[in-house]
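One structure is given below, encoded as structure tokens.
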There are 2 protein chains.
Amino acid sequence: MDLSSFVTSLATSFIIFAILLLVFSWLSKRPGNEVIYYPSRVLKGLEPFEQGMKSRNPFSWIMEAIRASEDEVISMAGVDAATYLVFLSTVAGILILSGIILVPVLIPIAVTDDSLQTEKENSKDQDKFPSFSVIDELAMGNVKVKSARLWAFLIGTWWVSLVTYYLLWKAYKHVSDLRATAKLTSAAQPEDYALLVRDIPPAQQGQSRKDQVDAYFRKLHPGTFYKSMIITDNKHATKIWDDLVKYKKKLAHDEAVFEESKTGEKGKPEGTRPECKTGFLGLIGAKVDSISHYEKKIAELQSSLEVEQKDALSEKQQTAALVFLNSKPAAVMASQTLHAQTFDSWTVEEAPEPRQLIWKNLPKNTYERQVRRLVIYGVVFLTVVFYMIPITFISAFTTLDNLKKLLPFLKSVINITVVKTILEAYLPQLALILFLAFLPKFLLFLSVAEGIPSKSHAARAASGKYFYFIIFNVFLGFAIGQSLISSMKAIIKSPTKIVELLGSSLPSSAGFFITFVALKFFVGYGLELTRLGPLIIYHLKNKYMCKTDEERKEAWAPGAFGYATRVPNDMLIVTICLCYSVIAPLIVPFGVLYFGIGWLVARNQALKVHVPEYESNGRMWPHMFKRIMAAMIIYQITMIGYFAIKKFYYAPFVIPLPVMSFVFAYVCNGNFYSAFSRTPLEVSCRSEKEAVSGTTPNMQMLYAAYVPGCLKIAKQNDDDDDFDLDDKKFLDAETHSRSMSFNA
Amino acid sequence: MDLSSFVTSLATSFIIFAILLLVFSWLSKRPGNEVIYYPSRVLKGLEPFEQGMKSRNPFSWIMEAIRASEDEVISMAGVDAATYLVFLSTVAGILILSGIILVPVLIPIAVTDDSLQTEKENSKDQDKFPSFSVIDELAMGNVKVKSARLWAFLIGTWWVSLVTYYLLWKAYKHVSDLRATAKLTSAAQPEDYALLVRDIPPAQQGQSRKDQVDAYFRKLHPGTFYKSMIITDNKHATKIWDDLVKYKKKLAHDEAVFEESKTGEKGKPEGTRPECKTGFLGLIGAKVDSISHYEKKIAELQSSLEVEQKDALSEKQQTAALVFLNSKPAAVMASQTLHAQTFDSWTVEEAPEPRQLIWKNLPKNTYERQVRRLVIYGVVFLTVVFYMIPITFISAFTTLDNLKKLLPFLKSVINITVVKTILEAYLPQLALILFLAFLPKFLLFLSVAEGIPSKSHAARAASGKYFYFIIFNVFLGFAIGQSLISSMKAIIKSPTKIVELLGSSLPSSAGFFITFVALKFFVGYGLELTRLGPLIIYHLKNKYMCKTDEERKEAWAPGAFGYATRVPNDMLIVTICLCYSVIAPLIVPFGVLYFGIGWLVARNQALKVHVPEYESNGRMWPHMFKRIMAAMIIYQITMIGYFAIKKFYYAPFVIPLPVMSFVFAYVCNGNFYSAFSRTPLEVSCRSEKEAVSGTTPNMQMLYAAYVPGCLKIAKQNDDDDDFDLDDKKFLDAETHSRSMSFNA
């Protein structure tokens with residue numbers, strides 16, 4: 001990559017970023033846009049911004065992001081967002097501390113040598129010698145082989161490693177504290193009292209599953225057992241419930257339309273009753289009055305839902321249950337205790353939050369989960385290694401000639417020259433882009449299919465899978481510059497080859513990756529901040545489709561941080577920055593900018609935009625930690641290879657580093673991980689004391705939080721407070737719910 | 001190996017075995033030998049043998065071993081011995097089921113081919129062609145390359161694998177049941193109510209460690225906390241205690257001598273008071289009357305022990321404790337629950353049995369344990385790989401010339417020709433033999449130094465280390481027939497090489513390993529059964545040294561099964577038998593004999609000889625399981641390599657096997673292991689019910705079982721029943737003990 005294209009690329013990215021920043025500061029001040037740029041605050045009933053609008057300068061959001069304390073972030077967006085911010089700031093810190101030494105020391109050392117120039121002059125065929133630019137001269141490649149200057153780079157390699165160990169240890173400790181504090185200070189949560197019980201063995205003849213579970217837990221936890229909820233097969237009930245919700249929305253919409261028609265400009269005082277067609281997608285069939293049609297539908301669904309509810313609760317009980325104990329420490333101890341002697345029965349674990357529960361995965365038994373996991377690991381392996389095969393196949397299949405044959409009606413369009421050229425050039429890329437766009441969703445689907453019981457766990461699993469894909473195909477694929485399969489063949493034949501391969505091929509693509517990082521943060525963060533997509537969609541929907549408040553709220557719903565795709569993408573940058581930190585120290589400032597701006601933007605989004613979908617109390621951190629360490633080890637192996645290529649006698653001094661990294665990761669995980677996978681008793685006892693001194697939790701409320709929407713009895717216009725505690729008809733497994741509307 | 005030497009070797013082994021069997025049946029009937037051949041029964045107060053002596057034929061022990069039920073074995077020798085027997089019978093079962101197919105099918109297929117003969121005839125230099133015998137013709141080596149006959153061997157490879165999976169699964173389940181039953185039916189054991197607490201954080205100013213521990217556990221387990229015992233530094237007290245015991249023994253001995261001198265043949269009625277010297281080892285110094293000397297010494301030590309006990313209990317409290325809860329389920333739940341948020345404080349686990357506790361390891365904190373483990377892993381790695389280096393060094397150092405120079409007084413001895421020749425020939429071997437003899441002890445020492453809190457765990461760790469040594473140096477070392485280091489170099493360069501290496505070098509040493517297995521069981525088991533060593537030592541001691549009953553009892557003390565060395569040695573045979581099962585099916589009958597006779601002998605020893613040192617309820621099994629699976633995988637990789645060398649087109653059909661083995665081992669361990677590492681709540685609750693219906697456990701007795709000998713207050717001739725429950729002077733951490741004499 002020569003200098004001019006490098007500078008052009010950077011400049012373009014920067015200009016786009018500057019424009020987007022201006023657009024953001026203009027748009028965010030416009031009235032009507034609060035729900036796009038401050039939805040989280042709107043939902044919490046806060047003023048969008050604290051000062052008056054006039055005093056806001058274009059960069060006030062930066063000051064606000066910096067000034068906010070970690071506690072504010074946690075109160076607005078939860079511990080998960082705070083953990084993600086710790087991740088960003090830790091990586092930024094690693095790069096800043098590394099850069100302080102690397103940039104002012106290594107760059108001058110590299111640029112004052114002249115290995116590239118000499119090589120070019122000595123090269124027989126100077127024209128064929130690959131061109132190099134100032135960027136290459138700033139990198140380790142410009143240092144002569146066996147030069148004593150390599151000592152500086154060796155020390156740099158150690159420095160980066162030690163800085164990383166130090167900051168990661170601190171960060172792990174910090175997140176661990178965040179998690180403990182969150183668990184300590186939070187009010188009584190349903191999940192603190194609940195156990196998830198899976199793999200319930202077959203009940204004895206004549207014993208209902210409910211009796212069986214109650215008897216088992218009453219015996220083992222005689223003093224603390226409160227109640228159990230058997231997991232039922234809700235597929236049918238959910239379908240009816242979804243339809244019901246859909247029709248209720250339609251009814252509300254059409255009622256609003258009817259009201260509008262009475263008062264609008266062209267309105268008649270008696271109004272125009274909206275009509276709809278009853279057939280497929282509302283496109284065909286007889287025209288009917290939609291309000292009365294929907295009302296009829298709702299009444300029908302309501303009664304069939306009630307029938308289905310009874311059926312589900314009595315006939316469709318599954319081999320899983322939620323068990324409620326009446327004290328936090330008891331639940332903590334029970335969730336960590338092995339219950340049954342046989343592994344395939346009575347698996348007990350901490351219950352996820354109600355809103356995280358993946359209801360349909362709960363009854364899957366241990367054998368099924370094991371088989372599913374194995375199969376899915378296989379599928380992921382094939383996807384990562386051979387993902388090009390189906391794409392190539394589809395590309396080959398969707399040539400223009402094939403398209404013409406299959407879809408003759410497209411013929412006239414395709415024959416236009418412009419369209420033809422574009423299609424011919426981009427059809428294969430289009431397939432690739434579509435594949436990459438759907439990959440995260442596909443991986444999330446696979447992770448859910450493993451039988452994981454909670455959404456946050458599934459997101460972590462998907463993130464892990466995506467990380468493998470990105471590292472193997474984007475990072476290694478591009479850097480090594482040859483097909484993954486052929487490199488893998490070479491590596492399997494001789495594993496020491498991997499060191500050589502990394503050391504020899506990575507350095508040449510430093511320039512590309514610098515511009516890649518710059519593009520990522522300038523354009524990526526600019527787009528994230530301006531939220532152009534949601535803005536346009538909201539305004540369109542608001543203008544043409546939304547009639548009720550609920551519909552409008554749905555139109556601007558800000559969504560959650562998508563950790564499953566965000567984290568692996570950041571991890572790619574971590575890997576790039578670490579791997580090139582010593583080889584081409586110029587990348588470090590860009591990395592600092594990426595994670596620095598990323599931290600600012602993420603803080604802004606956490607404080608003002610995103611609303612968490614669930615709270616896992618920083619459970620993501622060990623996952624991120626492991627992957628940073630993996631990047632670290634790739635970096636250290638690359639350095640061993642590169643020092644060997646530079647024929648540096650003291651290259652073996654780098655060899656202890658990967659070993660140290662393994663030991664560090666092992667020790668760190670051994671030390672901190674247990675508090676992430678389990679709740680310490682200390683924490684539950686301390687908060688218990690507070691709860692005792694305050695009000696005791698309403699167990700029935702906690703229990704009700706787990707009842708899925710489709711099993712709740714809908715008594716419209718009936719806001720009374722009684723909970724109908726022992727409705728025997730419904731086998732205790734349901735209850736009326738008031739305001740707690742966690743959806744299953 | 002040619003046929004004649006093979007037959008000679010087998011015949012010799014068999015004759016030795018037959019002689020040893022006859023010797024055993026003669027010796028075991030002789031009066032006075034019961035304590036050598038039936039010590040376990042003698043200790044339990046049973047008749048040595050049930051029938052009258054006359055009716056016993058030489059093989060009645062076999063019938064008795066077969067007829068005994070598993071429950072009898074458990075009641076005599078504990079669950080650990082029963083688990084070891086399950087291991088032996090499972091491996092025997094695997095080999096019998098494999099052999100039923102392999103021996104009658106594969107041997108005829110191999111012997112009717114003529115690959116070796118053809119090769120020899122085609123070989124240019126027939127004299128140099130390695131000789132082969134009938135044994136080689138019975139093996140897979142005699143099948144032609146690419147022959148269709150190889151299908152039978154391929155199917156055989158699958159058959160052995162499937163049989164192994166099936167029987168191992170059954171065995172794991174069986175041992176798991178054994179463990180559960182043992183925990184269910186056993187009376188209240190001290191360890192059921194105790195928690196081992198390590199890594200206690202620094203106490204607050206002015207707070208004693210005892211108060212700190214009590215406060216912490218009283219808060220977290222308000223209803224169930226009973227008492228705590230702080231671990232103290234007993235080094236000094238133990239030394240005094242050991243001296244005290246030694247002098248008491250000497251006193252009893254000399255009193256017996258004195259009594260004898262009154263009544264003996266040459267006796268004077270007033271007797272001869274024995275005398276001893278007070279100096280170094282009783283060899284120098286002034287002569288004194290020994291009875292009064294010992295009495296004085298004992299009185300001195302008694303008082304200094306009391307001073308030291310007070311000092312230890314008040315000043316030498318360490319950062320570990322045993323905490324007692326008053327119910328089994330509470331202890332089970334607490335032991336499995338993470339207590340503290342920070343990993344380096346309040347580590348809680350199940351307490352080992354009192355007799356298993358390695359007291360001095362308990363106060364080692366988590367960081368120290370981690371560092372120790374790392375260092376020791378390094379030492380073990382170096383020992384396994386480079387063990388020849390120090391031996392070579394010592395051998396080089398201890399040449400005769402060097403010896404003469406260093407120890408001139410040996411000169412005259414060394415110059416004798418016979419001695420010289422022998423020394424020259426055997427000095428290096430002597431060093432090797434000494435090294436191998438001390439290796440198990442060295443590995444046990446290393447395992448204890450890791451900071452492991454219980455003896456059974458240390459035995460497992462030592463067994464694991466010994467297994468690596470044996471597999472790498474005896475099995476692979478001999479089979480591959482080249483130095484481990486050079487093979488490792490080749491393997492690191494190219495890991496696929498290991499398949500080739502195993503496949504090409506293993507088959508040639510089949511004959512050697514068959515005779516090795518035969519020697520092992522004929523001679524090894526013969527010697528074990530006859531117990532010639534203990535017999536001779538006992539009779540010598542009894543005649544010349546023992547005066548008191550206690551001394552005699554010590555002289556015939558049978559000791560425990562030495563699992564730490566027994567299991568790895570059996571594992572070596574498992575590995576050999578599996579690896580050669582298809583290559584040279586002739587080994588299978590020998591393997592069946594090894595494990596069959598081994599099972600009989602071990603049953604005999606379990607029923608009549610060995611007395612368990614501790615009871616870990618089959619905790620050894622997962623350890624053995626993993627190593628059988630490792631042997632399985634070595635076997636399958638060898639087969640892949642050998643099929644490739646035989647140029648069999650369908651060799652890839654073997655490739656799924658190692659993958660299947662990994663999956664099987666992973667699934668099996670995932671499924672069953674948790675019930676071995678933790679106690680299921682179910683089990684503790686069921687036995688709790690029994691305890692409640694019967695008598696409640698005497699908590700003070702359970703507590704007292706953990707007080708180490710050196711901290712017990714010795715009140716001689718004071719057998720009263722009161723326990724002096726709140727002796728504040730001793731800070732509650734000690735108590736008088738009556739009959740429970742578990743030693744720390």
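First the proteins, then the strands, lettered A, B, ... as listed; each starts at 1.
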Under 4.5 Å from a heavy atom of chain B, the part of A:Tyr216 involved: side chain

Atom group of A:Val663 that falls short of 4.5 Å from chain B, counting heavy atoms: side chain

Portion of A:Thr679 that has a non-hydrogen atom of chain B nearer than 4.5 angstrom: backbone

Residue pair A:Glu450 / A:Gln370, side-chain heavy-atom distance below 4.5 Å: no

Greatest number of heavy atom pairs closer than 4.5 Å to chain B - which of A:Ala180, A:Ala334, A:Pro680: A:Pro680

Contact leader toward chain B among A:Phe672, A:Trp346, A:Tyr367, where contacts are heavy-atom pairs under 4.5 Å: A:Phe672

Parallel, tilted or perpendicular, as decided by the 30° and 60° cut-offs, for the rings of A:Trp621 and A:Tyr172: perpendicular

Closest heavy-atom pair and its distance - A:Gly618, A:Val79: N-CG1, 3.8 Å

Which residues share a salt bridge (Lys or Arg N to Asp or Glu O under 4.0 Å) with A:Glu368, sequence neighbours left out: A:Arg372

Test side chain to side chain contact (heavy atoms under 4.5 Å, CB included) applied to A:Asp214 - qualifying residues, sequence neighbours left out: A:Lys210, A:Arg218, A:Phe225, A:Ser228

Portion of B:Asp344 that has a non-hydrogen atom of chain A nearer than 4.5 angstrom: neither

